[in-house]
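The structure is given below, and queries will be raised subsequently.
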Amino acid sequence: MHHFALNGGALHAEDVPLKTIAEAVGTPVYVYSAATLRRHADALTRAFAPHEATLGQPLVAFAVKAASNVSVLRVLARSGLGADTVSEGEIRRALAAGVPAERIVFSGVGKTDAELAFAVGLGLRQINVESTVEMERLAAVAGRAGRVPDVAVRVNPKIGAGGHAKITTGGEGDKFGVPVEEALDLYRRFGRDPRLNLVGLACHIGSQITELGPLRAAFGVLAAMTRTLRAEGLDVPRLDLGGGLGVAYAGDDPTAPLAEYAAMVAETVGGLGVALTLEPGRLIAANAAVLLARVIQVTERGDGRRILVLDAAMNDLLRPALYDAFHDLVPVAPREGEALPHDVVGPVCETGDTFARDRPLAPLQAGDLVAFTGAGAYGATMASEYNSRPLVPEVLVDGSRWAAVRKRPTYEDMLAREPAPDWL
Ligand SMILES: *Cc1c(COP(=O)(O)O)cnc(C)c1O
């Protein structure tokens with residue numbers, strides 16, 4: 001469910017007409033709805049409420065890489081969410097948004113010693129270690145710092161899942177996590193190391209997962225590992241179940257059955273008395289933003305094909321080019337008329353800069369505003385300045401208030417970042 005709807009024949013974000021934002025900020029621009037972000041955070045918390053006796057209250061650590069604007073993070077922090085981060089930059093964003101260190105998880109397959117030292121110094125909730133070598137490096141870093149970080153081992157359960165091969169992370173050939181037997185040995189080896197406090201296991205098997213089966217199997221692996229380690233006298237007080245729940249990109253009902261998900265979690269790990277962490281990204285943010293764009297022109301080819309050229313491109317929204325992802329495209333002021341197939345493209349000089357082929361769309365003209373829905377996760381965070389197109393700005397709407405929370409750089413800003421050396 002989201003808060004982008006037609007009102008008096010014009011598409012709004014909550015109480016604000018998208019046309020108002022386009023006229024003030026220009027296009028392309030991402031527009032987030034604070035009410036939608038809050039609603040998704042609440043929906044997840046509510047789904048777990050009936051299981052409080054068995055599961056306690058999970059920490060919901062929003063995956064910052066999905067939508068990392070500080071104001072977006074601040075809305076979620078105010079709803080009580082923590083942050084799942086994969087770089088020092090993301091940790092700094094979470095802190096700037098008011099997420100306390102004890103609600104920040106540090107994940108990722110390639111943390112540098114400097115990043116590990118930064119995390120240890122802050123006393124984050126936990127550092128999720130993804131390899132034996134990384135555990136050795138972290139122990140050395142922590143020993144030097146004289147602080148004992150809370151650490152979880154990210155397990156690769158050999159169960160991959162997700163909406164596309166490029167967003168599957170838990171399969172045998174994927175680069176993420178430690179294979180089960182090695183993870184057990186790692187836990188045994190470092191479980192009594194005075195430099196580290198091993199607090200549990202973690203997994204994250206993929207993204208845009210729309211069936212519970214693979215998640216259930218992965219959580220079963222974590223539960224069995226927990227029992228094994230406990231039988232050997234090791235403490236396993238926490239499990240981090242990762243993110244990955246999918247959303248509906250067409251229509252507006254979430255496909256992720258949250259009540260079933262929570263019930264499945266209670267079935268698989270409910271008896272263990274562990275403190276849980278969840279790391280949703282897409283589930284919270286995807287349907288909380290649109291990418292607003294303007295039609296530059298409509299070209300009719302000799303073969304009758306219609307090509308809709310927008311002022312948004314793959315550098316602003318990469319998902320269709322990268323993952324063949326589908327985003328619905330809706331007019332901001334719909335016209336009457338028969339829907340005809342259009343190829344929807346941006347101005348970037350790449351064939352991959354194609355948002356959709358043969359998409360049925362009602363008549364559109366140069367100057368019309370359109371919105372890609374479901375653009376809030378892995379949208380603005382993946383944007384670049386390819387083709388020297390200034391980085392796409394972001395706007396946050398809350399009721400009838402709105403603000404540009406990331407400004408579009410001017411061409412002067414863009415060029416000022418590239419000082420020429422005086423010998424050139
Ligand atoms: C990307 C990521 C997430 C979030 O995934 P979603 O599919 O957006 O929920 C969670 N945890 C880790 C470790 C990740 O890398």
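Atoms within each ligand, like the ligands themselves, are counted from 1 in listed order.
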Checking Y261 against R216: is there a side-chain donor and acceptor pair closer than 3.5 Å?
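Absent: no donor and acceptor within the cut-off.
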In this structure, are over 12 heavy atoms from other groups packed under 6.0 Å from R401 atom CZ?
no
Is G242 close to ligand 1, meaning an N/O of one under 3.5 Å from an N/O of the other?
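Between G242 and ligand 1 (N or O atoms, distance only) the closest approach is not under 3.5 Å.
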Within the 4.0 Å heavy-atom shell around E279, which atoms of ligand 1 are there?
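What qualifies from ligand 1 is 3 (C), 4 (C), 9 (O), 10 (C), 11 (N), 12 (C), 13 (C).
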Using a distance-only test with no angle check, is there a side-chain donor-acceptor pair under 3.5 angstrom linking E90 and S68?
no
Have a look at ligand 1 and work out which part of H204, if any, has a heavy atom under 4.0 Å from it: side chain, backbone, both or neither.
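H204 to ligand 1: side-chain contact only, backbone stays beyond 4.0 Å.
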Looking at atom 7 (O) of ligand 1, what's its closest protein heavy atom, distance included?
S207 OG, 2.3 Å
Is ligand 1 less than 4.0 angstrom away from at least one heavy atom of P280?
yes
Measuring from the heavy atoms of D84, does anything fall under 4.0 Å of ligand 1?
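Flag set, D84 near ligand 1.
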Show the atoms of ligand 1 that are less than 4.0 angstrom away from any heavy atom in R282.
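Contacts of ligand 1 toward R282, numbered from 1: 6 (P), 8 (O), 9 (O).
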Between D311 and R294, does any side-chain N to carboxylate O distance fall below 4.0 Å?
no
In the protein, which heavy atom is nearest to atom 14 (C) of ligand 1, and how far is it?
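Here the nearest protein heavy atom works out to K65 NZ, 2.8 Å.
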Does A66 reach ligand 1, in the sense of a heavy atom lying below 4.0 Å from it?
no
Out of curiosity, is Y378 lining ligand 1, as in a heavy atom under 4.0 Å away?
yes
